[in-house]
Amino acid sequence: MSESRLRFAPSPTGNLHIGTLRTALFNWIYAKAIGATLVLRIEDTDLARSQAEFETNIVQGLDWLGLTMDEGPFQGGELGPYRQTERNQLGFYKAHADRLLQLGHAYHCFCTEADLDQERAAAESDKRPYVYSGRCKALTSSDVQEKMAAQIPFTVKFSIPTGPAVRVKDVIRGDIDFDRSLIGDFVLVKSDQTPSYNFAVVVDDGMMGITDVVRGEDHISNTPKQILLFEALGYMVPKFAHLPMILGPDKSKLSKRHGATGVTEYQAQGFLADALFNYLVLLGWSSADGKELMTRDEIISRFTLERVSKSGAVFDVTKLRWMNGQYIRRQTPDELLNHVMPYLSDRVRLALDALGSDRFRSAIYSIRDNLDVLTDCNSFLEVYAMEPTSFIAQVQAYGFGETDRTVISSFRAHIVGVTDWTVASIEAAISTVVTETGLGKGKVFKPIRIATSGQPSGPHLAELIWILGQSVVVQRMAEVVGLLDQKI
RNA sequence: GGCCCUAUCGUCUAGCGGUUAGGACACCUGGUUUUCAUCCAGGCAACCGGAGUUCGAUUCUCCGUGGGGCUACCA
């Protein structure tokens, strides 16, 4: 039994994003791979930007992908609550801040934004790197009392202890050293008395017993600050693994301006959760045996952080679409039916309903090779939903020749007489037409396809005819023959 | 600007001193198929540059260059 504990800690300041989802995915897979407990923690300390609806969107997205959490705001757990605003109300951060204050690792800072801007500007004009001067550290306790009595807004800042470079031991990247003189005292508690990100993260990871932190590369430079805090607070420092970024086509960090980045959008476009899952794990990780199409279990059993790559990966929708098509083709008829159902237009849905449930399912299964995304289903299902008038128009638009006429009358004669309406007997009828007319297959199939479905391409012909149904086909053949007779 | 990460086909990647630098997507060609698609076969295509280390560097080191991230009382 492993004691490992991982966490996924999104902030509800926007809808679930592909990049965030990928972090969740890697945490989930790694947790499964090592038998760790996975915690969902909502980092909503940014009161201005956090919204409940975003939290809902995130949770639903995780749920869609099947990224189950072991502990979290909805599943509960011993070490909750799992929202930082709630934890703040319980005074967790205050208690930790007080402790640091007492230990002399933190101090009250009354600098205003203008003060800080001035320091920054001065540093810039001197061409030296900006770090907060730490001037408020010099304040005596009576100074502090005085200012607090005067209601001057303040923050609590962490006093960076002196010492050698801070070493981040990254599982993926190796050791990274940071010069602590460049870090500068930073805010622990904001003037509204809510914790800053770096503080809340450490308090929570410490309290929740997090042993492994797997997150995006954009957090590397936060890590030394957090390590110092873990140490000051007396918590065990977790292991760190920083995942490479997911990039847009222009290679910059994937963001809204790259178009569809919301997980909900991919769902709406008809991507399968399993396909997205599979595609995403391949962005920054590869299996040792080179296998790409893998089930979740296959991924979990092959997964190691050592095989995570270090450089950013461009999100390539084309390959995602291909992979989605692969997953679609592996579905059983019933699975495909269930997945396609929500994407059917009312018109197509109605037309298919008229076929009965058996042929409904077959109709959908018949177009599986054409689908990359589920939203494409309606256009391919159009053959089954053609209106009588547009059918006639299609037939008329096709210039039937003399041999076509022969083929159609022959086919009509055979199809009328079919007593057991099966794909096999339809195929037999078509072969009979081929031998009877002495024409090549191409000369036979094409006119039959047009005359039965009104379209030059579509599903396998006999299957298509079977799904259309004998009465419809017979009726259409009569219509087509009638049309051809008129022409002459 | 400072700090940090990073660098193999267009894209995702394998490689962990000696390989004809492999695979996947995309693309091109051919085959199968009644058509589109699927499927199968083949093809095109890459080690950022310069110094080192070494008998030998895609691989190790350093310096450039490119790309990215962070530099907030955002997370």
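Note that the coordinates shown come from a computational prediction; the quantities given were computed from them, not determined experimentally. Worth knowing before you read on, the calculation uses all heavy atoms, side chains too, and leaves out hydrogens, waters and symmetry mates. So that the names make sense, note that chain A is the first sequence line, chain B the second, and so on, each numbered from 1.
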Q. Between the base of A75(B) and the side chain of Asn222(A), is there a donor-acceptor distance below 3.5 Å?
A. yes

Q: Check every strand shown and say whether Ser309(A) touches a base, only sugar-phosphate, or nothing at a heavy-atom separation below 4.0 Å.
A: sugar-phosphate

(Q) Base of C74(B), side chain of Arg49(A) - is there a donor-acceptor contact under 3.5 Å? (A) yes

**Q.** Upstream residue (5' side of RNA chain B) when Ser311(A) and Arg449(A) are each assigned their closest nucleotide
**A.** Ser311(A)

Q | G-U wobble or Watson-Crick pairing nucleotide for U32(B) (cut-off 3.5 Å, both distances) | A | none

Q: Let me know the distance between CZ of Arg180(A) and P of U71(B), rounded to the nearest Å.
A: 20 Å

Q: Grab the CD-P distance between Gln455(A) and A37(B) for me, whole Å please.
A: 15 Å

Q.
What's Ser457(A) touching, base or sugar-phosphate or nothing? Going by heavy atoms closer than 4.0 Å.
A. base

Q. Can you find an N or O donor on one side and an acceptor on the other, under 3.5 Å apart, linking the side chain of Arg329(A) with the base of U38(B)?
A. no

Q. Under 3.5 Å, is there an N or O donor on one side and an acceptor on the other linking the side chain of His460(A) and the base of U33(B)?
A. no

Q. Between Ala462(A) and Lys127(A), which has a closest nucleotide on RNA chain B that is more 5'?
A. Lys127(A)

Q: Could you state the atom-to-atom distance from CG of Leu280(A) to P of U11(B) in whole Å?
A: 19 Å

**Q.** Length of the line joining Tyr93(A):OH and A75(B):C1', which is rounded to integer Å
**A.** 13 Å

Q: Report the relative orientation of the aromatic rings in Tyr279(A) and Phe315(A); use parallel for angles under 30°, tilted for 30 to 60°, perpendicular for over 60°.
A: perpendicular

Q: Determine whether any donor atom in the side chain of Glu292(A) lies under 3.5 Å from an acceptor atom in the base of G23(B), or the reverse, and answer yes or no.
A: yes

